[in-house]
Amino acid sequence: ESGRGDHLAANVAAAVRRALVEGKGDILAFLPGAGEIRQALELLAPLARTAGLVLLPLYGELSLVEQGRAVRPDPLGRRRVILATTIAETSITIEGISAVIDCGWKRVPCFDPNSGLTRLATVRISRASAAQRQGRAGRLGPGVCYRLWSPGIEHGLQAFDRPEILEADLAGLALHLAAWGSGDPEQLQWLDPPPKGALAQARTLLIQLGALDVNLRITSMGRAMVAL
């Protein structure tokens with residue numbers, strides 16, 4: 001992962017330098033996570049000092065003040081380079097973007113039923129996500145998107161992202177269903193039903209923790225957990 005992160009940060013930094021020469025306006029670059037963003041910031045810092053650029057990170061762990069700086073135009077009118085995770089795909093609107101640089105990767109939580117733990121995995125984005133990212137460029141005028149992958153990779157991308165419910169730890173969902181009195185998910189209408197195996201494992205865990213009884217009814221301990 002560290003080697004891939006270094007490679008991605010270097011490629012994005014090179015693409016930023018190219019976009020600065022080939023166009024005007026602010027640049028939005030997508031990277032998988034905070035680690036790669038910090039690496040790209042270090043690589044671009046000398047250029048920023050000489051060219052009078054503003055380098056701005058944008059990811060979920062930042063404070064609202066720091067996120068606000070990345071979203072709003074620079075008060076001194078300086079050209080911005082915003083290095084962001086998937087938070088900038090749809091969650092936040094950023095003004096003044098004329099170029100998007102897309103590394104083609106993202107970081108997502110993946111639940112491992114064998115270990116019962118959730119880990120972060122770096123995976124290829126879908127074609128739908130690529131279209132969302134591309135659409136961030138030039139909303140108020142002409143724009144360009146630099147995609148840092150080959151046509152062969154393009155053909156192998158999934159059409160859409162897998163729904164989170166198919167990858168997530170379902171213990172929280174199972175607990176809330178019991179709290180709501182809807183312990184049987186088949187009685188509800190879902191865009192994507194929760195996988196039966198993952199749901200069964202979640203219920204087993206909740207019984208072991210004392211949050212559900214053997215009849216899958218919520219206990220006082222379970223209600224205390226929901227209140228948290």
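- Residue Leu228 places its CG atom among more than 12 non-hydrogen atoms of other residues, nucleotides or ligands, all under 6.0 Å distant.
- Between Arg124 and Glu154 no salt bridge is recorded (no basic side-chain N to carboxylate O distance below 4.0 Å).
- Two residues are said to be in side-chain contact when any heavy atoms from C-beta on lie closer than 4.5 Å; Ile27 and Ile97 fail this criterion.
- At a threshold of 4.5 Å between non-hydrogen side-chain atoms, the residues Cys103 and Asn11 do not count as touching.
- Between Gln67 and Ile87, some side-chain heavy-atom pair lies under the 4.5 Å cut-off.
- There is a path of hydrophobic side-chain contacts, each under 4.5 Å, that joins Leu177 to Leu166.
- Taken to the nearest 0.5 Å, the CZ atom of Arg133 stands 4.5 Å off from the CD atom of Glu89.
- Taking all atoms of both residues into account, the shortest heavy-atom contact from Pro185 to Arg203 is CD-NH2, 3.3 Å.
- Rounding to the nearest 0.5 Å places CZ of Arg127 at 8.5 Å from CZ of Phe160.
- In the hydrophobic clustering of ILVMFWY residues, with side-chain heavy atoms under 4.5 Å counting as a link, Val144 and Trp149 come out apart.
- Under a hydrophobic clustering in which Ile, Leu, Val, Met, Phe, Trp and Tyr are joined whenever their side-chain heavy atoms come within less than 4.5 Å, directly or via other members, Leu199 and Trp190 fall into the same cluster.
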Let me have the donor-acceptor pairs involving side chains of residues 206-214, under 3.5 Å, with sequence neighbours excluded, atom names and distances please.
from, atom 1, to, atom 2, distance (Å)
Asp213, OD1, Asn215, N, 2.8
Asp213, OD1, Leu216, N, 3.0
Asp213, OD1, Arg217, N, 2.9
Asp213, OD2, Arg217, NE, 3.2

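- For the pair Leu148/Trp105, no side-chain contact is recorded, criterion being any heavy-atom separation below 4.5 Å from C-beta on.
- Here the OG-NZ distance, from Ser126 to Lys106, works out to 6.0 Å after rounding to the nearest 0.5 Å.
- Heavy atoms only, all atoms of each residue included: Val12 and Phe30 are closest at CG2-O, 4.2 Å.
- Ile165 places a side-chain heavy atom less than 4.5 Å from the side chain of Leu170.
- Residue pairs meeting the side chain to side chain donor-acceptor pair (under 3.5 Å) criterion with at least one member in residues 44-65, sequence neighbours excluded: Ser63-Glu66.
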Trace of the salt bridge (charged side-chain N to carboxylate O under 4.0 Å, His left out) decision for Arg17 with Glu22: CA-CA 9 Å; Arg17 296 186 188 99; Glu22 295 181 345; over 6 Å; no
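- Here Glu95 does not pair with Arg72 in a salt bridge; the nearest charged N to carboxylate O distance is not below 4.0 Å.
- Nearest heavy-atom pair, Ile82 versus Ala70, reported as atom, atom and distance to 0.1 Å: CD1-O, 3.3 Å.
- One hydrophobic cluster holds both Val54 and Leu28 under the rule that ILVMFWY side chains link at heavy-atom gaps under 4.5 Å.
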Stepwise side-chain contact (heavy atoms from CB on, under 4.5 Å) check, Leu44 with Val16: CA-CA 8 Å; Leu44 292 168; Val16 167; 4.0 Å; yes
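- Of all non-hydrogen atoms in Ala19 and Ile101, the two that sit nearest each other are CB-CD1, 4.3 Å.
- Leu43 contributes atom CG, which lies 10.5 Å from atom CG of Leu55 (distance to the nearest 0.5 angstrom).
- The closest side-chain donor-acceptor pair between Gln134 and Asp102, if any, does not fall under 3.5 angstrom.
- Shown here for Ala179 and Val226, the closest heavy-atom pair between the two residues is CB-CG2, 4.1 Å.
- For the pair Leu56/Val81, no side-chain contact is recorded, criterion being any heavy-atom separation below 4.5 Å from C-beta on.
- Between the CZ atom of Phe111 and the OG1 atom of Thr118 there is a distance of 6.0 Å, given to the nearest 0.5 Å.
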Evaluation steps, side-chain contact (heavy atoms from CB on, under 4.5 Å), between Leu175 and Met225: CA-CA 9 Å; Leu175 182 61; Met225 293 167 70; 3.9 Å; yes
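- Proximity of Ile94 to Arg136: side-chain heavy atoms (C-beta onward) are nowhere separated by under 4.5 Å.
- For Arg79 (side chain) and Gly25 (main-chain N/O), a donor-acceptor pair under 3.5 Å exists by modelled atom type.
- Leu8 places a side-chain heavy atom less than 4.5 Å from the side chain of Pro32.
- Counting all heavy atoms, side chain and backbone alike, Ala9 lies closest to Ala40 at CB-N, 3.8 Å.
- In terms of modelled atom types and a separation under 3.5 Å, the side chain of Ser129 and the main chain of Ile125 share no donor-acceptor contact.
- Heavy atoms from other residues, nucleotides or ligands lying under 6.0 Å from CD of Gln189 number 12 at most.
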Verdict with reasoning, Leu120 to Val108, per side-chain contact (heavy atoms from CB on, under 4.5 Å): CA-CA 5 Å; Leu120 288 175; Val108 295; over 6 Å; no
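- For the atom pair CG (Leu83) and CG (Leu41), the distance works out to 5.0 Å, reported to the nearest 0.5 Å.
- Taking 4.0 Å as the cut-off between side-chain N and carboxylate O, Asp74 and Arg80 do not count as a salt-bridged pair.
- No chain of hydrophobic side-chain contacts below 4.5 Å, direct or via other Ile, Leu, Val, Met, Phe, Trp or Tyr residues, connects Ile153 to Tyr146.
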